[in-house]
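Letters go in sequence order (proteins before strands), and every chain restarts at 1. Bear in mind that the values here come from a model prediction, so they are computed numbers and not experimental data.
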Amino acid sequence: MRRYFGFSAIAFSLACAFGGISHAETLRIGLASEPTAVDPHYHQTTPNEALISHIFEGLVKMSPDMELQPSLASKWEATDETTWTFYLDERAQFSNGEPFTAQDVIYSFCRILNNETAIGTGLTNVARRIQAIETPDDKTVHLKTAAPYPVLPNELARVPMIWSGIAEFDTLEFEQGGDCGVTSSWPTVNDFNQGDLVIGTGPYSLKQYDKGGTIILERNDNYWGDELPDWTEVRMVAAPSAGPRLTGLLAGDFDLIENPAARDLKRIEESNFSYEIKPSVRIMFFQLDVGRDESPFVKSPKGDNPLQNQKVRQAISMAIDRQAIIDRIMDGVAEPATQYLPQGMFGTIEDATVPEYNPEKAKELLAEAGYPDGFELTLSATNDRYINDAQLTQAVAQYLSRIGIKTNVDTMTSSVYFPKRAKREFSVSLGGWGSETGEASNYLQYWVTTTNPELGVGGSNYGGYSNPELDEIFIEATRTLDDEKRSELLQQAVQLALDDMAHIPLHFESGIWAFRPDITYEGRADQRTMATHAKLKKD
Amino acid sequence: MAVFIVRRLLQSILVLFAVSIVVFFAVYTVGDPIELLVSPDVSQEQRDAIIARLGLDKPVWDQYLSFLWRALHGDLGTSFVHGIPAVTLILQRFPATLELVIVAMILTCIFGLTLGLIAGLYRDDWMGKSIMNTSILGFSLPNFWQGMVLILLFSVWLGWLPASGRGPTTTVLGIPLSIFTVDGWRHIALPAVNLAIANIALVLRMTASGVHEAQGQDYVRFARAKGVKPGRIVRRHILRNILIPVVTVIGMEFGTLIAYSTITETVFSWPGMGKLLIDSVYRLDRPVVVAYVMLVTMLFVIINLVVDILYAVLDPRVQLLEPGT
């Protein structure tokens with residue numbers, strides 16, 4: 001035992017002597033949560049998609065501000081009502097030097113449809129709506145759909161393309177519910193995690209994937225794009241608690257960390273580190289139970305459900321001082337919401353203002369609605385999912401109590417909260433949603449439209465809100481290819497939702513990144529952390 | 001001895017069975033993992049397909065029975081979140097935790113026993129007193145806070161050691177270990193010390209009081225009267241007699257650290273099993289939680305067995321099987 005200690009003491013002193021050697025070309029990132037797989041078609045979560053988009057690319061991509069940009073396809077157009085044509089970039093090639101062709105597009109879609117191990121992803125929704133893929137030549141792809149599908153390019157930004165060379169086939173032909181002519185077995189998530197199949201067109205390739213440990217990416221020097229990233233190597237380590245993640249940055253273990261706590265920004269600045277704040281597309285909102293005459297957590301003097309009254313809902317919205325919540329609870333790091341997607345993005349109302357804060361008028365509205373003495377209400381929320389979720393719910397409860405609605409708060413861990421919300425056990429529930437397509441139809445489709453599994457709409461409409469006029473306008477919008485007209489229809493639908501106030505928008509969360517002072521970082525509205533967005537300062 | 005071991009192993013099967021029921025149903029009642037797993041933009045049809053694939057559409061007793069059936073065939077289920085077998089997932093993280101705990105336990109033995117002996121032998125000196133008093137700090141400091149202070153001191157201010165993570169690993173006998181590289185030791189130092197401090201204090205105090213008690217015993221006085229050298233008295237007589245309770249504690253602490261060094265692993269972002277357990281509980285990844293608890297139960301059963309055998313080795317009076325049974 002003593003001898004062992006001697007050895008460790010020597011190792012220890014050696015360790016100290018060799019410390020402090022750093023590699024300027026390596027970027028070490030401290031992640032807030034660990035990606036669960038390197039399979040690009042496994043699970044659509046922000047950490048997974050961030051890792052994957054270093055290695056794989058889609059036909060199109062989203063800019064940091066969620067604008068559509070060319071990626072593997074240099075150009076695309078709707079050639080008729082039900083056909084989108086993509087012209088693939090001539091230069092595009094995989095990290096192993098193989099050219100990217102129409103075959104790879106077909107194989108990628110086929111694999112999505114035949115991916116047994118995936119945890120249900122929006123990818124399958126997209127692939128299911130494609131009826132046929134025609135490839136007149138290696139660099140042209142026609143995607144045929146049954147009905148007009150205007151947001152297909154936006155959705156494709158999240159569909160990573162994989163190499164068809166990992167499969168065996170004679171002729172590859174896209175088909176629904178078949179094997180597309182592939183004779184080899186379909187790769188599983190575990191096959192990808194082993195690393196050999198991870199061949200993409202992106203700026204980085206996978207060097208090491210160590211579950212629970214370090215993920216190492218190395219620069220793909222075959223990268224076909226215009227710009228090679230600054231870092232030859234990227235190391236990602238998950239440090240889920242904000243405190244240790246920040247000390248990791250301050251101690252020099254990390255060069256860049258995601259999501260430090262907003263309250264630590266002062267500390268970061270004082271320690272001569274830099275940070276970047278980027279408003280995200282994640283809207284925080286309260287969803288009201290308007291679909292039922294009796295709601296579990298509402299006690300009204302008349303025995304009814306006051307949330308069904310439009311005036312009551314408007315009064316609730318008016319009672320909340322959004323800016324004060326952002327200043328006091330969110331440490332100033334959030335943007336007040338005027339609607340369900342940040343203003344300026346496709347289909348948003350341009351001249352919308354933050355809903356007025358006016359407790360006096362809110363009280364009057366309550367009285368007009370027939371509840372001069374208010375009623376009793378419980379707000380339900382998570383306490384570990386969104387930034388300051390429990391505190392912000394308490395603040396809203398106090399605002400509501402001020403206008404005479406006796407409000408209680410019930411917060412719980414997300415593993416308890418989400419199943420309960422799905423069973424509609426709440427009257428007012430906190431929600432968060434990032435519209436990753438960067439246009440207004442996404443939020444409407446899942447949260448606002450009347451639930452209809454056949455059309456694939458209203459899946460998260462837990463409040464049972466239903467407005468036939470809105471539904472009609474929305475459905476028309478999803479079938480309109482003309483951008484200008486579609487934007488107009490979406491704005492109408494958003495306006496109807498805002499008038500009814502069954503979903504009370506609060507604010508958009510902001511992403512925060514903190515980093516070494518000698519680098520610059522550009523944040524993304526989809527909250528992904530990308531090594532390619534970090535640059536060495538040149539001076 | 002063989003009969004004793006076989007009987008203990010049979011008992012442990014019953015224990016495992018009971019544990020599996022409790023854990024399975026406890027995790028089941030928390031909630032439905034589907035809501036956490038599947039995003040709202042997934043169609044109903046697909047959602048149903050996933051529910052069916054994970055077996056969540058069946059009644060709970062049915063799910064438990066099929067779990068039991070597969071467990072008997074060596075399959076403890078596939079992680080909902082990671083899509084790979086739960087046991088594989090746990091075993092991937094096991095070496096990280098194991099090496100951390102072993103380093104911490106070695107520190108515990110060295111410092112705990114040595115300081116304990118000193119404190120016990122020189123109980124009335126300033127040295128013994130100061131050791132005993134400092135040891136109170138050792139187990140009363142909260143683990144989480146103590147870890148943050150270590151990081152602040154050695155990583156942020158002094159800049160000697162990295163604040164988090166595990167060093168590069170080398171594969172030895174198929175197990176990836178980081179203790180064979182200098183950088184590995186730099187990484188393991190702080191978390192191991194953090195884990196060890198409370199245990200050092202515990203072992204130290206037990207040893208000190210044991211030594212003090214033994215010094216007054218007849219056999220020690222007799223040995224001293226006989227003229228046995230003080231060093232031999234300590235080694236041959238005192239230490240051997242006080243080791244039994246100390247070995248029990250060290251054994252149990254070893255198991256506890258392996259299973260639940262969660263706090264230290266979180267503070268230092270150490271990629272061990274504890275972090276996996278917490279993540280899995282949060283995400284209702286039932287197969288991982290159940291498999292984890294089953295493996296940990298097994299570990300404790302084995303450690304208990306080893307401790308019992310060690311008793312017999314240390315103290316010839318202890319017999320593993322009473323005569324006549």
**OP:** Locate the shortest heavy-atom distance separating A:Ala238 from B:Ser269; write the atom from each residue and the value.
**Re:** O-CB, 3.8 Å
**OP:** Under 4.5 Å, counting heavy-atom pairs only, tell me which of A:Gln445, A:Glu34, A:Arg385, A:Lys420 racks up the most with chain B.
**Re:** A:Glu34
Original post:
Roughly how far, to the nearest 0.5 Å, is OG1 of A:Thr188 from CD1 of B:Ile84?
Top reply: 10.0 Å
Original post:
What part of B:Leu276 lies closer than 4.5 angstrom to a heavy atom of chain A: side chain, backbone, both or neither?
Top reply: neither
Subject >> Interface moiety of A:Glu116 toward chain B, non-hydrogen atoms closer than 4.5 Å >> reply: backbone
Original post:
Within the side chain of A:His43, is there an N or O that forms a donor-acceptor pair under 3.5 Å with the backbone of B:Leu37?
Top reply: yes
Subject >> Interatomic distance, B:Thr78 atom OG1 to A:Asn190 atom CG [nearest 0.5 angstrom] >> reply: 9.5 Å
**OP:** Determine the minimum heavy-atom distance between B:Gly83 and A:Val189, stating which atoms define it.
**Re:** O-CG1, 3.7 Å
Original post:
Once you round to the nearest 0.5 Å, how far does CG of B:Leu284 lie from OG1 of A:Thr413?
Top reply: 8.5 Å
Original post:
What part of A:Arg245 gets closer than 4.5 Å to chain B, counting heavy atoms only: side chain, backbone, both or neither?
Top reply: neither
Original post:
So which part of A:Tyr417 gets closer than 4.5 Å to some heavy atom of chain B, the side chain, the backbone, both or neither?
Top reply: neither
Subject >> A:Ala239, part contacting chain B, at a heavy-atom distance under 4.5 Å >> reply: both
**OP:** Mind ranking B:Leu89, B:Val281, B:Ile34, B:Val156 by heavy-atom pairs under 4.5 Å with chain A and telling me who comes out on top?
**Re:** B:Val156
Subject >> Gap separating the OG1 atom of A:Thr214 from the CZ atom of B:Arg166, nearest 0.5 angstrom >> reply: 9.0 Å
Original post:
To the nearest 0.5 Å, what is the distance between OG (A:Ser33) and CZ (B:Arg283)?
Top reply: 7.0 Å
**OP:** Taking atom CZ of A:Phe273 as the centre, report whether more than 12 heavy atoms of other residues, nucleotides or ligands fall under 6.0 Å from it.
**Re:** yes
Subject >> Segment of A:Asp384 engaging chain B (4.5 angstrom heavy-atom cut-off) >> reply: side chain
Original post:
What part of B:Arg47 lies closer than 4.5 angstrom to a heavy atom of chain A: side chain, backbone, both or neither?
Top reply: neither
Original post:
Which bit of A:Phe192 is near chain B, if near means a heavy-atom gap under 4.5 Å: side chain, backbone, both or neither?
Top reply: neither
Original post:
In terms of heavy-atom proximity below 4.5 Å to chain B, should A:Asn125 be classed as side chain, backbone, both, or neither?
Top reply: both
Original post:
How many angstroms lie between atom OG1 of A:Thr36 and atom CG of B:Asp279, to the nearest 0.5 angstrom?
Top reply: 11.0 Å
**OP:** Can you see which heavy atom on A:Arg267 is nearest to which on B:Leu152, and at what distance?
**Re:** NH2-CD1, 4.2 Å
Original post:
Looking at A:Phe418, A:Tyr446, A:Trp447, A:Phe254, which has the largest count of heavy-atom pairs under 4.5 Å with chain B?
Top reply: A:Tyr446
Subject >> Proximal component of B:Phe80, with respect to chain A [non-hydrogen, under 4.5 Å] >> reply: backbone
